[in-house]
Visitor: 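Please find one structure pasted underneath; my questions will follow.
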Amino acid sequence: MKDTFISNDIVYIGADDKTIDLFESQYIVPNGISYNSYLIKDEKTVIMDTIDRRKTEEWLENLEKALNGKKPDYLVVSHMEPDHAYNIGLISDKYPEMKIIGNEKTFTFISQFFNIPNLEERKVIVKEGDEINLGKHTLKFFMAPMVHWPEVMVTYEMTEKILFSADGFGKFGTLDTDEEWDCEARRYYFNIVGKYGMQVQALLNKAKTLEIKMICPLHGPILKENLEYYINKYDIWSSYKPEEKGVFIAYASIYGNTAHAAEELMKMLKAKGVEKVVIADLTRDDMAEAIEDAFKYEKVVFAASSYNFDVFPPMNEFLHHLSGKNYQNRKVRNYTEWNMGTKCR
Ligand code: FEO
């Protein structure tokens with residue numbers, strides 16, 4: 001069930017997108033995606049990020065309703081990727097007195113993406129640890145470069161102890177999607193920020209110094225309880241440790257023989273007592289899910305035939321993705337002449 005209540009002073013103004021076919025033009029999102037945005041109402045009123053162009057109208061309606069006739073004093077820009085930044089130009093034109101809070105890198109991007117009148121007078125450049133008081137609330141800024149772009153920063157609201165975590169702790173799926181957090185948050189994590197484990201670890205180390213009562217990400221549900229659970233998941237994922245015991249078999253088969261071998265291997269492993277064995281057909285299954293599973297499980301089997309003096313392309317693509325996402329901390333052994341007549345070594 002959709003739960004967007006944050007507090008009396010902090011209002012959710014984002015939108016669900018249930019009709020997008022591919023997020024970032026590459027990831028299937030069967031349950032859509034949410035573009036989160038928030039309004040902090042105080043002596044100074046602050047918009048925490050804009051949203052994707054696909055939901056501009058709904059966002060503006062939500063914003064105006066939450067503003068209730070007031071004008072925003074600030075827009076905080078956590079991330080310049082267009083799923084959050086698209087409406088910066090529009091909202092800056094609509095409210096010409098509004099100042100824009102970002103870091104040095106944010107404004108490098110803004111100048112490249114938008115032509116904002118009087119930007120020099122309107123920009124508020126923040127650095128690591130800087131604070132801005134709004135009245136009852138105070139925002140404190142922490143830089144989070146490469147989680148997921150170079151300019152990313154997160155904001156900690158010190159009074160209500162809320163972390164606005166940008167893409168961190170995001171999840172595929174709209175806010176009214178009734179599903180466990182882990183699976184689609186993990187698929188989101190490894191595919192979107194999986195490459196940047198070191199940078200996520202740096203951010204987690206900063207988060208450890210804060211008392212956090214709520215996490216407001218830019219995608220997915222607002223996290224209100226049991227925050228150690230989610231932080232622990234992020235710690236495992238970003239340190240490239242396997243999350244679960246088990247074997248993931250990823251195969252790419254041309255005529256079905258490699259597929260048959262992979263299925264047989266699954267049966268053999270199960271017969272030997274391996275409790276968790278999962279399998280993916282890289283030619284047909286969701287590649288993003290396969291990437292997630294490769295990170296999730298302790299052991300992975302890659303099975304494919306050769307092709308054009310190389311590896312069959314769906315496997316090649318899979319390996320390319322894993323390499324791009326800094327796949328590591330797994331032992332790999334090469335079996336070039338594997339056939340089902342011999343014993344697994
Ligand atoms: Fe949701 Fe990196 O943007």
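Atoms within each ligand, like the ligands themselves, are counted from 1 in listed order. Heads up: numbering here begins at 1 and tracks the sequence. What you see below is based on every heavy atom in this structure, not just the backbone, and it leaves out hydrogens, waters and symmetry mates.
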Visitor: Classify the ring geometry between Tyr189 and Trp237 as parallel (under 30°), tilted (30 to 60°) or perpendicular (over 60°).
Guide: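 If you compare the ring of Tyr189 with that of Trp237, the planes turn out tilted.
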Visitor: Which label fits Phe302 and Phe318: parallel for a plane angle under 30°, tilted from 30 to 60°, or perpendicular past 60°?
Guide: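 Plane angle between 30° and 60°, so tilted.
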Visitor: Could you tell me whether any N, O or S atom belonging to His79 is less than 2.8 Å from atom 1 (Fe) of ligand 1?
Guide: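 Checking atom 1 (Fe) of ligand 1 against His79, no N, O or S atom falls under 2.8 Å.
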Visitor: For atom 2 (Fe) of ligand 1, give me the closest N/O/S atom belonging to Glu81, just the atom name.
Guide: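 Result for Glu81 and atom 2 (Fe) of ligand 1: OE1.
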Visitor: Restricting to N, O or S atoms, which atom of His148 is closest to atom 2 (Fe) of ligand 1?
Guide: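 Nearest N/O/S atom of His148: ND1.
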Visitor: Tell me which N, O or S atom from Asp167 is the closest to atom 2 (Fe) of ligand 1.
Guide: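 Result for Asp167 and atom 2 (Fe) of ligand 1: OD2.
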Visitor: Parallel, tilted or perpendicular: which describes the rings of Phe23 and Phe172, with under 30° parallel and over 60° perpendicular?
Guide: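 Rings of Phe23 and Phe172: perpendicular, as their planes differ by over 60°.
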Visitor: Can you give me the OD2-atom 1 (Fe) of ligand 1-NE2 angle for Asp83 and His84, to 10°?
Guide: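 Vertex at atom 1 (Fe) of ligand 1: approximately 90°.
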Visitor: Could you label the plane-to-plane angle of the His148 and Tyr196 rings as parallel, tilted or perpendicular, counting under 30° as parallel and over 60° as perpendicular?
Guide: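 Geometry flag for Tyr196 against His148: tilted rings.
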Visitor: Of Ile192, Asp286, Ile33, which is the lone residue that meets side chain to side chain contact (heavy atoms under 4.5 Å, CB included) with Tyr27?
Guide: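 Among Ile192, Asp286, Ile33, the one that satisfies the side chain to side chain contact (heavy atoms under 4.5 Å, CB included) with Tyr27 is Ile192.
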